[in-house]
There are 2 protein chains.
Amino acid sequence: MATKTRERILDTSLALFNVRGEPNVTTNHIADELDISPGNLYYHFRNKDDIVEHLFARYELRIEEALVVPDARLPTLEDIWLRLHVAFECMWDYRFIYRDLVDITSRNRKLRLHFSRILKRATANAEAVLRGLGASGEMRASRAEIEATAHNVLLVTSFWMSYNAVLGGHIEREATDLTRGIYQVMMLLAPFLRDAERLHLHTLAANYVK
Amino acid sequence: MATKTRERILDTSLALFNVRGEPNVTTNHIADELDISPGNLYYHFRNKDDIVEHLFARYELRIEEALVVPDARLPTLEDIWLRLHVAFECMWDYRFIYRDLVDITSRNRKLRLHFSRILKRATANAEAVLRGLGASGEMRASRAEIEATAHNVLLVTSFWMSYNAVLGGHIEREATDLTRGIYQVMMLLAPFLRDAERLHLHTLAANYVK
DNA sequence: GTCTATATAGGGATAGAC
DNA sequence: GTCTATCCCTATATAGAC
């Protein structure tokens, strides 16, 4: 029980950051919520940013896992949907990072570099998938279109939750919120697809998005 | 000279917010920069949020203007590019709003409602343009695709600057930054276009994006 | 309209006892 | 490992003189 405090601080911080937004949570709030003293918190972590960094490291491990390309087989549209789903769930669990992304990454050089690296890796990943779809003849896209679309995939993925929050003013997650985000990403691909695949995607979407 | 102080506070606040980010600028910073006393600042504005609200009101006026549909004539791809350019310039001038969009709009109900309204109006606007391109036969898209794409247009537009900042870690604006954003938005349309228009768009883009 | 001075509050962080 | 107590600093905001 004794050595678990460190982990409890991380868990509680994550929960508070996600609900209220990282800038609106103080070290006192965290200590309060845990029923420990502020001093105790500073025994385990140098400062608030130290907590943020450790949470980010957790996130990084999980998202890197989600970015690993499963196998050499060309992904189907269902595969792509599924991989997006895993990524979105991961991002949801650490959504505080995305809520104040620019502020957080501009205040902390280390986080900025790591986040930028993840983003670039993910973009390359998306580009590879798109090229695969092109090579197999399932879609038709120029090199420039693929590059631009890969960026748009990451842009929409990264900021869907923000867009949704600003548009709807939600606090609580609606069951359809993430699904809707995945749908928006898939719709970036739709117009590139051949008629058969394009139709396939739309029926696929109809099953997931109500 | 006397009654101009109010405007000078707004101008200076805007400049500081844009450069450092609104959460990182205090009323003291603003007063310092203007060589006036903090007390004087509070004579002109109730608090910092009051300043933010007035700046937002300015922004709202300008962006609403940019959202007015020019005429009944169907917009060409060049027209669309130009209108995006006007919108991006306007957003750039008030980029502090977009830098911390979720935090700012979640703290202030009035701003959230107004921003949400702008976003919805702009989405409807984009949808109308897309439908126009469909009706004229320049592109082929289903109703669902048009709706999804309109959302993606606004998502990419709204968060392009954030995406670019996180990816590159810029502070200063590169000459190509906004152009690149416009390009990313136009690339959302490219795959829907008929071959002739699709090619036209790419040559058009090649002229603007170096 | 503008200043000086100040009140108030809160957050970040540390020292030292237990 | 944990607590209490406290310090420092900064931010917001106000009062009252000029």
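Letters A, B, ... mirror the listed sequences (proteins, then strands); counts begin at 1. For the numbers below, each heavy atom of this structure counts, side chains included, while hydrogens, waters and symmetry mates do not.
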CG of B:L34 versus C1' of C:dC3: gap in Å, rounded? 15 Å

Spacing between B:I9 atom CD1 and C:dC3 atom C1', to the nearest angstrom: 14 Å

Do we see a donor-acceptor contact under 3.5 Å between the side chains of B:E7 and B:H54? no

A:N152 side chain to A:T149 side chain, donor-acceptor N/O pair below 3.5 angstrom: no

Can you see whether A:E60 engages A:H114 through a side-chain donor-acceptor pair at a distance of less than 3.5 angstrom? yes

Tell me: CG of B:L16 to P of D:dA11, nearest whole Å? 13 Å

If we ignore hydrogens and angles and just use 3.5 Å, is the side chain of A:T12 paired with the main-chain N or O of A:I9 as donor and acceptor? no

A:T5 side chain N/O closer than 4.0 Å to the phosphate oxygens (OP1, OP2) of D:dG1? no

Rounded to whole Å, please give me the gap between NE2 in B:H29 and P in D:dA13. 15 Å

Measure from the ring center of A:F56 to the ring center of A:F96 and say whether it is less than 6.0 Å. no

Assuming nearest nucleotide by heavy-atom distance, tell me which of A:D49 and B:I36 is located more 5' along DNA chain C. B:I36

To the nearest Å, give me how far apart CG (B:N24) and P (C:dG11) are. 17 Å

Rounded to the Å, how far apart are A:K48 NZ and C:dT14 C1'? 19 Å

So, is B:N40 near the phosphate of C:dG1, with a side-chain N or O under 4.0 Å from OP1 or OP2? no

Is A:H44 close enough to D:dT2 that one of its side-chain N or O atoms is under 4.0 Å from OP1 or OP2 there? yes

Within this structure, what is the CG-CG distance for the pair B:L193 and B:L77, rounded to the nearest 0.5 Å? 6.0 Å

Heavy atoms under 4.0 Å, any strand shown: does B:N28 hit a base, just sugar-phosphate, or nothing? base

Are A:Y43 and D:dT2 close enough that a side-chain N or O sits under 4.0 Å from OP1 or OP2? no

A:D35 atom CG is separated from D:dG1 atom C1', nearest whole Å, by 16 Å

Considering every strand and a 4.0 Å limit on heavy-atom distances, what is the contact class for A:S37: base, sugar-phosphate, or nothing? base

Quantified as the angle between the terminal helix axes (five pairs each), what is the overall bend of the helix from C:dG1-D:dC18 to C:dC18-D:dG1 to 10 degrees? 0°

Is there a side-chain contact between A:Y42 and the phosphate of C:dT14, meaning an N or O under 4.0 Å from OP1 or OP2? no

Measure CZ/A:R46 against P/C:dA13 and give the value in whole Å, please. 10 Å

Stepwise, does the side chain to side chain contact (heavy atoms under 4.5 Å, CB included) test hold for B:I51 with B:L41? CA-CA 10 Å; B:I51 298 176; B:L41 189 148; 4.0 Å; yes

